[in-house]
Amino acid sequence: MDPIRIAVVGMGKIARDQHLPAISGNPNFNLAATVSPNHGGEPGIPHFKTLDELLESSTGVDAVSLCTPPQVRYELAVSALRAGMHVFLEKPPGATLSEVVALTARADKVGTSLFASWHSRFAAGVAPARAWLSERVIKDVKIIWREDVREWHPGQDWIWEPGGLGVFDPGINALSILTHIMPSPVFLNTATLSLPANRAAPIAADIQFRDTAGTPIHMDLDWRQVGPQSWDIIVETDAGQLKLSNGGAVLSLPSGVERNEDMEYPGLYARFATLIRGGRSDVDLDPLRLVADAFLRGKRQSVEEFHD
Ligand code: NAP
């Protein structure tokens, strides 16, 4: 089978750290081009400043990975789908729910694959956690996602703009795991969003969810954490405690601790290849819907200004 010729659009941090290595490690894909307005490309690979320039060129491309900030992703996805390409959306899949719904309908009409990727679902501990929980009674869930924004998102202005999600940019990763491992649908009860006086997006959030079985789920999201960082989900069950730590990489069960190799982006590209070869799309909006509900239902409080 011919490799899928793929272009990476938005050559920022995640494209370089994860997408390029995952593509080069998967024989289903050939890196055919890169696109980025200011960043450069890769040696020997055609590079363009805009997606339109790529589409106007004679470079053969079957699929694109959109690794830009979410606010510009819809227009890029429409152009790619219009050109008959398969589209991989970095998380979050868009800046609004309805634009992603529109993209899904468009992909179905064109007959190409649209993949709304949730990399944390491919963290090593997540699939076994989901299997273990499917046979247990869940009593309580706590999510503690506390990191230092200055370390992880230096100079990323888009993240503080409307549609950039603020602290929900990492927080949505926790929600992508939560919605995958919980056997019942989850919804939001109350939320408090803390917005720096000079920014349009929250730096912290305190949220109470529950599921349709009545299980309380508390989420503590904070970008002001210095010292040890936490990306933990702790689930109390009738058979003891399950803990996912390091963003889902490490799984602790009453029987012991499992640590496995990081396969998040290789897992995403394996999935994308399967979708393309099978003529299917995969667009799960549950994590983005919970974030939208936090913005819809949450109480806002103003906190100290944030400067990078
Ligand atoms: P980033 O470092 O700011 O990179 C974003 C890139 O998008 C920039 O390099 C910019 O290119 C490019 N871009 C902006 N507008 C564009 C357009 N219209 N056409 C083409 N390229 C455009 O951000 P990032 O951290 O990589 O994050 C990007 C996405 O990946 C976000 O949705 C984020 O949530 C997700 N993500 C990030 C991480 C992470 O650890 N950083 C992890 C998982 C997922 P120029 O620099 O050339 O202007």
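Sequential numbering from 1 along the given sequence is applied to the chain's residues. Numbering of ligands and ligand atoms starts at 1, following listing order.
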Taking the minimum heavy-atom distance to [atom], which of [options] ranks first?
| atom | options | answer |
| --- | --- | --- |
| atom 42 (C) of ligand 1 | V9, T68, I14 | I14 |
| atom 19 (N) of ligand 1 | I172, D169, L76 | L76 |
| atom 14 (C) of ligand 1 | P69, G10, G155 | P69 |

Legend entry - M85 side chain reached by L55 side chain, heavy atoms, under 4.5 Å: yes
Inset, instruction - Could you tell me whether the side chain of I177 reaches within less than 4.5 Å of the side chain of L244, counting heavy atoms only? - result: yes
Legend entry - R150 to W152, cation-pi by 6.0 Å centre distance and 45° axis angle: no
[X]-[Y] side chain donor-acceptor pair, cut-off 3.5 Å:
| X | Y | result |
| --- | --- | --- |
| T34 | H47 | yes |
| T96 | Y74 | no |
| H218 | D206 | yes |

Top protein contact for [atom], by heavy-atom distance:
| atom | answer |
| --- | --- |
| atom 48 (O) of ligand 1 | N38 ND2, 2.8 Å |
| atom 21 (N) of ligand 1 | P37 CD, 3.3 Å |
| atom 28 (C) of ligand 1 | C67 O, 3.3 Å |
| atom 2 (O) of ligand 1 | K13 N, 3.0 Å |
| atom 4 (O) of ligand 1 | G12 CA, 3.3 Å |
| atom 25 (O) of ligand 1 | Q156 NE2, 2.8 Å |
| atom 18 (N) of ligand 1 | V72 CG2, 4.0 Å |

Tell me the contacting part of [X] for ligand 1: side chain, backbone, both, or neither, using a 4.0 Å heavy-atom threshold, strictly below.
| X | answer |
| --- | --- |
| K91 | both |
| E90 | side chain |
| F48 | neither |
| Q71 | neither |
| H39 | both |

Inset, instruction - Report yes or no: does W158 have a heavy atom closer than 4.0 Å to ligand 1? - result: yes
Legend entry - Any R73 heavy atom less than 4.0 Å from ligand 1: yes
Does the distance from a Lys or Arg side-chain N to an Asp or Glu carboxylate O, for [X] and [Y], drop under 4.0 Å?
| X | Y | result |
| --- | --- | --- |
| D220 | R146 | yes |
| K142 | D140 | yes |
| D293 | R297 | no |
| E147 | R224 | no |

Which ligand 1 atoms are under 4.0 Å away from a heavy-atom of [X]?
| X | result |
| --- | --- |
| M11 | 9 (O) |
| Y265 | 43 (C), 44 (C) |
| P70 | 32 (O) |

Inset, instruction - Determine whether the aromatic ring centres of F209 and F187 lie less than 6.0 Å apart. - result: no
Legend entry - W145 ring center within less than 6.0 Å of W223 ring center: no
Inset, instruction - Would you check whether S36 has a nitrogen or oxygen atom less than 3.5 angstrom from a nitrogen or oxygen atom of ligand 1? - result: yes
Inset, instruction - Please identify each residue that fulfils ring pair (Phe, Tyr, Trp, His ring centres under 6.0 Å) with Y265, with sequence neighbours left out. - result: H19, H119
